[in-house]
Amino acid sequence: MNFDGLVGPTHNYGGLSYGNVASQSNSQQGSNPKEAAKQGLAKMKALMDMGFQQGVLAPQERPDVAALRSLGFAGTDAQVMAKAAKEAMPLLAACSSASSMWTANSCTVSPSADTADGRVHFTAANLNCKFHRSIEHPTTSRVLAAMFNNAEHFAHHAALPAVGQFGDEGAANHTRFCKGYGDAGVEFFVFGRSAFDSRYPAPQRYPARQTLEASQAVARLHGLSEAGVVYAQQNPAVIDQGVFHNDVIAVGNGEVMFHHQDAFLHTEQVLAELQEKLAARGGQFQSVCVPREQVTVEDAVKSYLFNSQLLTRADGSMLLIVPEECRNNGRVWSYLQQLTTSGSAIGEVQVFDLKQSMQNGGGPACLRLRVALKQAELAAVNPGVVMSNALYATLNTWVDKHYRDRLVETDLADPQLLIECRTALDELTQILKLGAVYPFQLN
Ligand code: SUG
């Protein structure tokens, strides 16, 4: 099942993510939160219509006035926002980001077939490389607990200690390979650097957000066995070219990994370990490797070719969901034409317009969290968050009612924006049947 982040009412281009080329280059452009939310909903609906299980992950209260208060801004909510706007606009922008929409970063999930206690395990990501993202996890944890609210099937872990040494970006740096979704699989953790072992290289220009030690801690918390885990280091050179998460250069599904030739260090060794460990679990690992001669790392970063969703159709064939930007890049588009006609595992490509999110560096894969669920677990998911025609219609109406169609930086200081956001979320908790997941009180 895929859970897509519903884009929040304050979606804007704050230029907040150093190392994320799109976020930097679209900084200060006007955004359209209504369009952003609708583009996301259209993708959810399309996947549901194709027969995939689809869920919704709720957005967060922004501006996060409590975070601003913790930084010393005081008074009424409106005064806190006004003071922050006057004295420290970057902090107000950070506390206003709708970045929780990228739910691939919400947490890491291990399905029950892989864990020691036979439950589905979730660890909220501390996202502590960027301040605007580091404030997401407390609410994310409450939302996940309200969605997967059954201790017999679901185990929830708090985010790792909030220091760079345990920098954790969740599922964006984690993929799972398996023969069937219900079979024990091989969980693939990709890290950017080691915090404690200086023998590992590190990027020179941009930050490596995920550490080896964070990935290892998540694997321990989830009770994964050594036979079911592979660790790999992301190539530091590609991080320095803007590949800030592994899901910008590789995506996996079932027995297949679709990745760029330059994605990892020690590629041969990594692929051999995946092959061997998956074989021990009855699967046949397949690497679909894109050569740099055909698609450069720069093409990958610009088009988000690998930030795609790789899905298995009912007939076993694989479908790749890519953003519109792939069609606008000649080399990438011709590669995709060739891929689907060459008899590779990937037989079909579908294109979606996700421009509002893409301009902040968030493609189809960023917008969704994958959770492999057995029937009994699926039945235990809060039914309020499961996409249906009725929920789709309700959420579209909800967006029309509460969202603006233009937001620029100066709007972030508007106290009415906070009221609009709280009013919208208050209604949303009823729609999605989430209960008290937000800390605010509506006056
Ligand atoms: O963390 N962008 C997000 C994009 C996250 C994409 N997720 C995955 N690859 N899984 C980030 O860099 C930009 C916000 C701004 O600049 O306003 C931002 O946070």
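Both counts, for ligands and for their atoms, begin at 1 and track the order of listing.
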Atom 5 (C) of ligand 1: the protein heavy-atom neighbour that sits closest, reported with distance to 0.1 Å: R133 NH1, 3.5 Å
Nearest-neighbour protein heavy atom for atom 15 (C) of ligand 1, which is reported as residue plus atom name and distance: N360 OD1, 3.1 Å
Atoms in ligand 1 flagged as close to G15, the criterion being non-hydrogen separation under 4.0 Å: 15 (C), 16 (O), 17 (O)
Side chain, backbone, both or neither: the part of C366 lying under 4.0 Å from ligand 1 by heavy atom: both
Atoms in ligand 1 with a heavy atom of N105 nearer than 4.0 Å: 5 (C), 6 (C), 7 (N), 8 (C), 10 (N)
Contacting atoms of ligand 1, where contact means under 4.0 angstrom from a heavy atom of H245: 7 (N), 8 (C), 9 (N), 10 (N)
Donor-acceptor contact below 3.5 Å, side chain D240 vs main chain Q204: yes
Any H259 side-chain heavy atom under 4.5 Å of V288 side chain: no
Ligand 1 versus N20: contacting region, heavy-atom distance under 4.0 Å: side chain
Close approach, E169 and ligand 1, non-hydrogen under 4.0 angstrom: no
Under 3.5 Å donor-acceptor, K277 side chain and V229 backbone: yes
For R209, atoms of ligand 1 separated by under 4.0 Å from a heavy atom: 1 (O), 11 (C), 12 (O)
Where ligand 1 meets G361 - atom numbers and elements under 4.0 angstrom, heavy-atom basis: 4 (C), 6 (C)
For A104, the ligand 1 atoms whose distance to one of its heavy atoms is below 4.0 Å: 10 (N)
Close-contact set for ligand 1 against N12 heavy atoms, below 4.0 Å: 17 (O)
Numbered atoms and elements of ligand 1 in range of A172, under 4.0 angstrom, heavy atoms: 10 (N)
